[in-house]
Amino acid sequence: MSEMADDAMMPPAHPFDDDKLKEECGIFGVWGTLDAANFVALGLHALQHRGQEAGGIVAYDPESGFNSARRFGYVRDNFTSQKVMETLPGSLSIGHVRYSTAGSKGQTAIRDVQPFFGEFAMGGAAIAHNGNITNADALRRELIERGSIFQSSSDSECIIHLMARSLQRNIPERMEDALRRVEGAFSVVAMTRTKLIGVRDALGVRPLVLGKLPGGHVLSSETCALDIIGAEFVREIRPGEMVVITDKGIESHFPFRPQPSRFCIFEHVYFSRPDSILGGRSVYETREAIGRELAKENPVEADLVCPVPDSGTPAAIGYSLESGIPYAMGIIRNQYMGRTFIEPTESIRNMGVRLKLNVNRALIKGKRVILVDDSVVRGTTSRKIKEMILDAGAAEVHFRIASPPTAWPCFYGVDTPQREKLLAATMSEEEMTQHLGVDSLKFISLDGLYRAVGEANGRDPNQPQYCDACFSGEYPVEPADMIEKGFEMKAAE
């Protein structure tokens, strides 16, 4: 397989981004369309919010075989030139945008950038994975002891090695065999010379959808990426389902033991783009409903409702509509302030958030302001934003958060700080209010969040409909590797 790569290291994230939960990854695949890699590049551009560290595309052409290009940075900077895209011919292609949730964080090497490729007896296959394998350390040790040689630090590479050791007859069956050994959360797109394959884990934690183009088919993490290439949304891939797309059509298999779905509820709150559809519902409308619930549960007298841009905007609109308090853009985001900004001096570094956000002073001065944000992680950015609002002359600052307190780390494909670094894991709501120095701080309840996403009676503790482990500490899949490293699960009540 020919490959183009850039071994430069990824620059550090901007400090504003460092206090957000990091979107897992985005995956995209196209079958049956001329110049499929160009469609994949467009799809990855639409999924850029799911991973900004790096991206990769693999394509297959009968004349030149499998070809790959992997790069650090944004899709727009790497996969828009004719020179690069001409190296990726063919009507079958998959791609991946990455934020490292496993492997070497902060020291990403090009070998960790997906898709991964393997040459098997029955031909080559490439694979891209969104999620996290919670028993990857144990699998890696076993595979190395049996002679496997790993090229990356990514948990996803375990799937390729498990496929190589499988005795099944073809690549889809080998993938089924491999994924039965895997624990955790995964949505996968893969390709052979003739097939495009999509798989979701039995719990359906991570998203994956099927789309249709004239003469071709598409697999994508989100529906918004279908829109950019003019593809028709067909349906979501079901939890535990494998689809195999060939010139004979689409085959559907269910290789895993059926389990109740536990889709990641934080996709509704933050990860997915607001113009995507999840479970038949508009993400934007769900976030607006979250804001309405937040206003019902946590009213406060104020003059303005302002979002912390951009992720807090739909919830802030919902809060304003429910409370009757005017909505205003009290904070303006600099859209041209990317992750790659070089901060040469300590004085510049201390500006931090101000380089990315600026307060609309004329609007804020003398006002009692409600700030609506999607979450509080470490609390560092929240404190800086509060200081900016007070410096602009606000009379009061009230935080309203469109998710419950994030008190537990995620092990299913989201880069979460260690538990002791999560503000809600070490402080009560009152202590957090004092720590942030605001007039009030309130979170939506877990029941309120469930109501907003469509569960009229709130959360059923005996049968949760979503994975909400980052809020509840109730993990649907035991994180075996982390427990081995000393992580303590929540005690049974």
Derivation of the side chain to side chain contact (heavy atoms under 4.5 Å, CB included) call for Glu183 and Ile133: CA-CA 6 Å; Glu183 298 172 5; Ile133 298 172; 5.8 Å; no
Near-ring test Tyr466/Phe266, centroid separation under 6.0 angstrom: no
Heavy-atom closest contact (Pro461 atom, Pro464 atom, distance): O-CD, 3.9 Å
Check: Asp137 main-chain N/O paired with Asp481 side-chain donor or acceptor under 3.5 Å: yes
Asn170 (side chain) donor-acceptor with Glu173 (main chain) under 3.5 angstrom: yes
Check: His268 main-chain N/O paired with Ser272 side-chain donor or acceptor under 3.5 Å: no
Side-chain (Gln465) to main-chain (Gln463) donor-acceptor, under 3.5 angstrom: yes
Arg169, CZ: over 12 other non-hydrogen atoms inside 6.0 angstrom: no
Side chains of Phe72 and Asn78 in contact at under 4.5 Å (non-hydrogen atoms): no
From OG (Ser156) to CZ (Arg98), nearest 0.5 Å: 8.0 Å
Atom of Ser403, atom of Phe471 and distance for their closest heavy-atom approach: CB-CZ, 3.8 Å
Asp373 vs Ser311 side-chain heavy atoms within contact, under 4.5 Å: yes
Nearest heavy atoms of Leu196 and His217, plus distance in Å: CD2-O, 4.2 Å
Donor on one side chain, acceptor on other, His129 and Glu157, under 3.5 Å: no
Minimum side-chain heavy-atom gap Val372-Val308 below 4.5 Å: no
Flag if over 12 foreign heavy atoms under 6.0 Å of NZ, Lys442: no
Lys/Arg cation over aromatic Tyr319: Arg292, 6.0 Å, 45° cone: no
Side chains of Ile197 and Val243 in contact at under 4.5 Å (non-hydrogen atoms): no
Glu474 bridged to Arg262 by N-O distance under 4.0 Å: no
Closest non-hydrogen atom pair between Phe116 and Ser152, with its separation: CZ-OG, 3.6 Å
Side-chain heavy atoms of Phe256 within contact of Leu179, under 4.5 Å: yes
Donor + acceptor pair across side chains of Glu420, Thr426 (<3.5 Å): no
Short side-chain donor-acceptor distance under 3.5 Å, Ser187 and Asn130: no
Presence of salt bridge, Glu455 and Arg459, under 4.0 angstrom: no
Val40 and Ile94: CA distance, side-chain angles, deciding distance, side chain to side chain contact (heavy atoms under 4.5 Å, CB included) verdict: CA-CA 6 Å; Val40 170; Ile94 65 171; 5.9 Å; no
Which atom of Ala164 lies closest to which atom of Arg174, heavy atoms considered: O-NH1, 3.4 Å
Side chain Thr223, main chain Ile277, donor-acceptor under 3.5 Å: yes
Separation of Ile237 CD1 from Glu241 CD (nearest 0.5 Å): 5.0 Å
Gap between atom CD1 of Ile127 and atom CD1 of Ile159 - 0.5 Å precision: 4.0 Å
Side chains of Thr134 and Glu478, donor plus acceptor under 3.5 Å: no
Geometric cation-pi criterion, Arg76 with Tyr74: 6.0 Å, 45°: yes
Pair Arg141-Glu145, salt bridge (Lys or Arg N to Asp or Glu O under 4.0 Å): steps then yes or no: CA-CA 6 Å; Arg141 286 196 301 268; Glu145 288 172 1; 5.8 Å; no
Residues Arg206 and Asp201 bridged, charged N to O under 4.0 Å: no
Interatomic distance, Asp310 atom CG to His49 atom NE2 [nearest 0.5 angstrom]: 12.5 Å
Check: Tyr270 main-chain N/O paired with Asp374 side-chain donor or acceptor under 3.5 Å: no
Heavy-atom side-chain proximity of Glu222 to Arg50 below 4.5 angstrom: yes
Check: Gly204 main-chain N/O paired with Arg200 side-chain donor or acceptor under 3.5 Å: yes
Arg451 side chain reached by Asp447 side chain, heavy atoms, under 4.5 Å: yes
Donor-acceptor side-chain pairing of Tyr450 and Asp468 below 3.5 angstrom: yes
Check against side chain to side chain contact (heavy atoms under 4.5 Å, CB included), Glu267 and Cys264: CA-CA 6 Å; Glu267 290 279 354; Cys264 172; 4.0 Å; yes
Under 3.5 Å: donor-acceptor pair, side chain of Arg400, backbone of Asn298: yes
Spatial distance of atom CD (Gln114) from atom CD1 (Ile57) [nearest 0.5 Å]: 13.5 Å
Side chain to side chain contact (heavy atoms under 4.5 Å, CB included) evaluation trace for Thr416 with Leu422: CA-CA 8 Å; Thr416 318; Leu422 293 168; 4.0 Å; yes
Value rounded to 0.5 Å, distance of CZ in Phe39 from CD1 in Ile229: 6.5 Å
Atom CZ of Arg193: over 12 foreign heavy atoms under 6.0 Å: no
Within-4.5 Å side-chain heavy-atom neighbours: Phe150 and Cys158: yes
Closest contact, heavy atoms only, Ala37 versus Ala59: CB-CB, 4.3 Å
Expected output: side-chain Arg165 to main-chain Arg146 donor-acceptor under 3.5 Å: yes
Phe487 ring center near Phe411 ring center (under 6.0 Å): yes
Any donor-acceptor pair under 3.5 Å from Arg238 side chain to Ala202 backbone: no
